[in-house]
Amino acid sequence: MFRIPVRPDLELRLADYAHAHMAFALVQKNREHLRRFLPWVDHTWSEADIADWVRRGLEQLQRNEGWQSVLWHNNGIAGAIGFKTVEWVNMRVEIGYWLGSEFQGKGLMTDAARALTDHAFREWGLQRVEIRCAVENVKSANVARRLGFQQEGVLRQAFRVRDQYQDLFLFAMVRDEWLSQYK
């Protein structure tokens, strides 16, 4: 199991079956907060559902298509962040993330997204990293903006949550811009 130190109170840990209980408890506690923008919340009703997410993430890692991690803050899980499937032909990846409401406003997700973006560019040599989020999800969009991602557009009615279609912001960072910004 790998870990990426982010700051003294935060590290990214590869999502593991041992995290299922704690991650599910966090989802349960934040169900209403998360379900507004994340369709998977309404299909996550047990630790087994979280274990299935862990399994898919480990399979993704085995296929060299990315990985999923938890934000380990102090002594527990604050949320999760990971890569959608890496497109090696186009050297592109999208980052997805969520955070428990009690952990907002501490810079945790900004720092975690910075670490993942840096990994994508420096370790994998990718050309492009994207973040997509609902237009109404101001806090998620602000993570991308704080990191210097450029808003490239709005994908109209591109994401369905509870039978409602949401417009998505498309943010992107390219390798040269990142490396000149974060030397």
Side-chain angles (χ1 to χ4, degrees), residues 1-86 93-120 123-124 129-134 136-144 146-147 159-162 166 168 171:
M1 181 168 99
F2 70 83
R3 296 176 180 187
I4 298 175
V6 176
R7 60 189 211 196
D9 66 338
L10 178 66
E11 68 182 17
L12 302 181
R13 295 184 179 182
L14 182 66
D16 184 86
Y17 294 110
H19 299 133
H21 177 73
M22 195 178 295
F24 180 67
L26 186 62
V27 170
Q28 280 291 82
K29 183 176 181 183
N30 285 273
R31 186 166 295 282
E32 288 307 311
H33 163 72
L34 296 172
R35 73 187 295 263
R36 181 172 176 203
F37 300 115
L38 300 170
W40 58 263
V41 175
D42 285 345
H43 305 286
T44 304
W45 293 106
S46 69
E47 287 181 35
D49 294 326
I50 296 292
D52 190 51
W53 167 73
V54 168
R55 180 190 52 75
R56 289 190 312 271
L58 294 172
E59 289 171 354
Q60 178 188 20
L61 177 65
Q62 287 177 333
R63 292 188 309 268
N64 194 32
E65 294 178 348
W67 40 266
Q68 303 300 312
S69 64
V70 296
L71 280 74
W72 192 263
H73 175 60
N74 294 326
N75 293 315
I77 295 173
I81 189 168
F83 295 108
K84 307 276 177 106
T85 302
V86 177
V93 73
E94 180 184 344
I95 294 174
Y97 48 81
W98 63 270
L99 190 66
S101 62
E102 63 269 37
F103 299 104
Q104 291 181 338
K106 302 174 188 289
L108 298 174
M109 193 54 74
T110 299
D111 290 343
R114 181 181 296 113
L116 249 69
T117 302
D118 205 61
H119 184 89
E123 301 299 321
W124 289 341
V129 175
E130 295 178 358
I131 294 174
R132 298 175 189 209
C133 64
E136 294 179 11
N137 192 341
V138 174
K139 292 183 181 194
S140 191
N142 284 341
V143 168
R146 278 192 292 276
L147 293 175
F159 196 65
R160 190 172 106 184
V161 179
R162 293 184 327 278
Q166 298 182 6
L168 295 180
F171 292 98

I'd like to check [X] versus [Y] (side-chain heavy atoms, cut-off strictly below 4.5 Å). Are they in contact?
{"X": "R36", "Y": "V161", "answer": "no"}
{"X": "F171", "Y": "V143", "answer": "no"}
{"X": "N30", "Y": "E102", "answer": "yes"}
{"X": "L58", "Y": "R55", "answer": "no"}
{"X": "M22", "Y": "W72", "answer": "yes"}
{"X": "W45", "Y": "R31", "answer": "yes"}
{"X": "L26", "Y": "F103", "answer": "yes"}
{"X": "K106", "Y": "H73", "answer": "yes"}

- Query: Would you call D118-R114 a salt bridge at under 4.0 Å N-O?
  - Reply: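 No salt bridge links D118 with R114.
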
How many angstroms lie between atom [atom1] of [X] and atom [atom2] of [Y], to the nearest 0.5 angstrom?
{"X": "I77", "Y": "L71", "atom1": "CD1", "atom2": "CG", "result": "9.5 Å"}
{"X": "N64", "Y": "T85", "atom1": "CG", "atom2": "OG1", "result": "11.5 Å"}
{"X": "F159", "Y": "F37", "atom1": "CZ", "atom2": "CZ", "result": "10.5 Å"}
{"X": "N142", "Y": "M109", "atom1": "CG", "atom2": "CE", "result": "13.5 Å"}
{"X": "Q62", "Y": "W67", "atom1": "CD", "atom2": "CH2", "result": "16.0 Å"}
{"X": "L34", "Y": "Q28", "atom1": "CG", "atom2": "CD", "result": "10.5 Å"}

Exercise. Check salt bridge (charged side-chain N to carboxylate O under 4.0 Å, His left out) between K84 and all other residues, then give those that pass, not counting sequence neighbours.
Key: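 Listed in chain order: E94.
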
Practice item. Name all residues meeting the salt bridge (charged side-chain N to carboxylate O under 4.0 Å, His left out) criterion together with R146; count only those two or more places apart in sequence or in a different chain, and write none if there are none. Key: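 With sequence neighbours excluded, R146 shows a salt bridge (charged side-chain N to carboxylate O under 4.0 Å, His left out) to no residue whatsoever.
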
Donor-acceptor pair, distance only, cut-off 3.5 Å: does the side chain of [X] make one with the backbone of [Y]?
{"X": "R162", "Y": "R35", "answer": "yes"}
{"X": "Y97", "Y": "S140", "answer": "yes"}
{"X": "S69", "Y": "I81", "answer": "yes"}

- Should the heavy atoms of other residues, nucleotides or ligands under 6.0 Å from CD of E136 be counted, would the total exceed 12?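 Counting neighbours around CD of E136, 12 or fewer heavy atoms of other residues, nucleotides or ligands fall under 6.0 Å, so no.
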
I need the minimum non-hydrogen distance between [X] and [Y], along with the two atoms involved.
{"X": "V6", "Y": "A112", "result": "CG1-N, 4.3 Å"}
{"X": "A120", "Y": "V93", "result": "CB-CG1, 4.3 Å"}
{"X": "W124", "Y": "G66", "result": "CH2-CA, 3.9 Å"}
{"X": "A15", "Y": "V54", "result": "O-CG1, 3.6 Å"}

T44: what forms a side chain to side chain contact (heavy atoms under 4.5 Å, CB included) with it, not counting sequence neighbours?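 Partners of T44 by the side chain to side chain contact (heavy atoms under 4.5 Å, CB included) criterion, ordered by chain and then number, come out as F24, V27, W40, D49, I50.
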
Worksheet item: Does any donor atom in the side chain of Q60 or Q68 lie under 3.5 Å from an acceptor atom in the other side chain?
Response: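 Short answer, yes.
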
*Could you tell me how the ring of H119 sits relative to the ring of F83: parallel (under 30°), tilted (30 to 60°) or perpendicular (over 60°)?*
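The arrangement is tilted - the two ring planes meet at 30° to 60°.
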
